[in-house]
Amino acid sequence: MTPEAHPPPATAASGFGGPDDGKSPDLLLVEPDGELAAKALARFEGAGIRTHVCHDGAEALLQAGALHPRAVLLGAPLPVVDAARVTELIARFHPVPVLVGAGPEGAAEATAAVAAGAIAFVARPYRIEEIAPLLRAGRHGGDSSAVPLKVGDIELDPAGFHVYVRGRSLQLPVREFLLLRYFMERPNKVISRTELTQALWGTDTPESNTLTVHVRRVRTKLKEEGESCCTIDAIRGMGYRLECGTGCSPKTTSTA
């Protein structure tokens, strides 16, 4: 499939790679799903991110060498050459920040890509409000979103895709991991159902009880497997809140 270049309007300012030379795209989007790529492209261009699209790992390597993009976003699972191998080769021959996006079916490949050097693991479908700050951080040699999070007795490593409660490893599928990360980035704050579904599924209207089921699973794993003192409380008519309390810490003795 032939890659498609989609330059933004001439008035669009690029905030991701210094002066706009009209040649190097801000982002090389490598997304095998054509419909998903088109939707993501519209969002990126709307934010002034000059984007070039291709659809498999082999194309990604060719376009990375030809176009010298300022960053690369890989959708996993990636055909022809997988995301981890693409990440390794880009780091070797065309070093730029690489992000990897995945849903449940691409979690293992995305985790391998992070281990190979990708700066972040993001949700797929993509959210411009999550990705734009990562592109800026990557261009400046840092990524605050990859800093491990500690809330109460829960520790989460976004880069390594690990969760620990009181030192015990907790295994979460990708969407549950991203849901817990979202809560941990906003502890003790009420988050609406609309915000959560938009953040995790890219829509305001997922299947009727999808969010409820995912929250319940994370809550149950924290309590029963991790014996955490933190809770995810449902606030009637408002949403959910991760509540840990002042006495909850990794060394606190479980009262469960």
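- Within the 3.5 Å criterion, the main-chain N or O of E31 finds a donor-acceptor partner in the side chain of H55.
- D26 is not listed as a side-chain neighbour of P69, based on a closest heavy-atom distance of 4.5 Å or more.
- Follow the hydrophobic side-chain contacts under 4.5 Å out from L170 and you never reach Y164; the two are in separate clusters.
- With sequence neighbours excluded, the residues forming a side-chain contact (heavy atoms from CB on, under 4.5 Å) with A123 are E130, R175, L178, listed by chain and number.
- Both V96 and V81 are assigned to one and the same hydrophobic cluster, defined by single-linkage of ILVMFWY side chains at heavy-atom distances under 4.5 Å.
- Put simply, the side chain of D82 does not reach to within 4.5 Å of the side chain of P77, judged on heavy atoms.
- Ion pairing between a basic and an acidic side chain is recognised when a charged N comes within 4.0 Å of a carboxylate O; K221 and E176 show such pairing.
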Go through it in stages, so that I can follow the logic: the residues are V86 and V98, the test is side chain to side chain contact (heavy atoms under 4.5 Å, CB included), and I'd like the CA-CA distance, side-chain angles, deciding distance and then a yes or no. CA-CA 9 Å; V86 171; V98 175; over 6 Å; no
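- Between R241 and K189 there is no side-chain heavy-atom pair separated by less than 4.5 Å.
- Rounding to the nearest 0.5 Å places CG of L172 at 12.5 Å from CZ of R181.
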Between T111 and V100, does the side chain to side chain contact (heavy atoms under 4.5 Å, CB included) criterion hold? Intermediate values first, please. CA-CA 9 Å; T111 302; V100 60; over 6 Å; no
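- Note that CG of D153 is 10.0 Å distant from CD of E227, once rounded to the nearest 0.5 Å.
- Cysteines C244 and C230: SG-SG separation is under 2.5 Å.
- Here the side chain of D56 pairs a donor or acceptor atom with the backbone of E59 at under 3.5 angstrom.
- Residue pairs meeting the salt bridge (Lys or Arg N to Asp or Glu O under 4.0 Å) criterion with at least one partner in residues 97-113, sequence neighbours excluded, are E105-R124.
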Quick one: do L99 and V72 satisfy side chain to side chain contact (heavy atoms under 4.5 Å, CB included)? Show the steps, please. CA-CA 6 Å; L99 292 78; V72 177; over 6 Å; no
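- Remark: E35 pairs with D33, K39 by the side-chain contact (heavy atoms from CB on, under 4.5 Å) rule, at least two apart or across chains.
- Contact between Y126 and G75 at its shortest, heavy atoms only, is OH-CA, 3.2 Å.
- For E88, the side-chain contact (heavy atoms from CB on, under 4.5 Å) partners at least two apart in sequence or on another chain are R85, A116.
- Note that SG of C54 and CG of L61 are 9.0 Å apart. Values are rounded to the nearest 0.5 Å.
- When L180, V213, L242 are each tested for a side chain to side chain contact (heavy atoms under 4.5 Å, CB included) with V218, only one passes: L180.
- Put simply, the side chain of T220 never gets that close to the backbone of R217: no donor and acceptor are under 3.5 Å apart.
- Here the side chain of R70 pairs no donor or acceptor atom with the backbone of L27 at under 3.5 angstrom.
- We find the OH-OG1 distance between Y240 and T212 to be 4.0 Å, quoted to the nearest 0.5 Å.
- Of all non-hydrogen atoms in S192 and E195, the two that sit nearest each other are OG-N, 3.0 Å.
- A salt bridge is absent between E45 and R50; no separation between the charged side-chain nitrogens and carboxylate oxygens falls under 4.0 Å.
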Could you go through the side chain to side chain contact (heavy atoms under 4.5 Å, CB included) check for L156 and F177 one step at a time? CA-CA 9 Å; L156 184 146; F177 179 91; 3.8 Å; yes
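- Checked by atom type and distance alone, the side chain of T51 pairs as donor or acceptor with a backbone atom of I49 at under 3.5 Å.
- Hydrophobic clustering (side-chain heavy atoms under 4.5 Å, transitive across Ile, Leu, Val, Met, Phe, Trp, Tyr) groups I90 together with V80.
- Contact record, A102 with A107: CB-N, 4.1 Å, taken as the closest heavy-atom pair.
- Contact between A110 and A76 at its shortest, heavy atoms only, is N-CB, 4.2 Å.
- Note: L28 CG to L73 CG = 9.0 Å, rounded to the nearest 0.5 Å.
- Among residues two or more places apart in sequence or in another chain, the side chain to side chain donor-acceptor pair (under 3.5 Å) test is passed with D233 by T231.
- In this structure, the side chain of H94 does not engage the main chain of A91 through any donor-acceptor pair within 3.5 Å.
- For the atom pair CG of L149 and CZ of F183, the computed distance is 14.0 Å after rounding to the nearest 0.5 Å.
- Hydrophobic clustering of Ile, Leu, Val, Met, Phe, Trp and Tyr side chains at less than 4.5 Å, counting indirect connections, keeps V30 apart from L67.
- The shortest heavy-atom contact between A37 and V53 is CB-CG1, 4.1 Å.
- Every residue two or more places apart in sequence or in another chain was checked for a salt bridge (Lys or Arg N to Asp or Glu O under 4.0 Å) with R219, and none qualifies.
- Residues A83 and L74 come closest through the heavy atom pair O-CD1, 3.6 Å.
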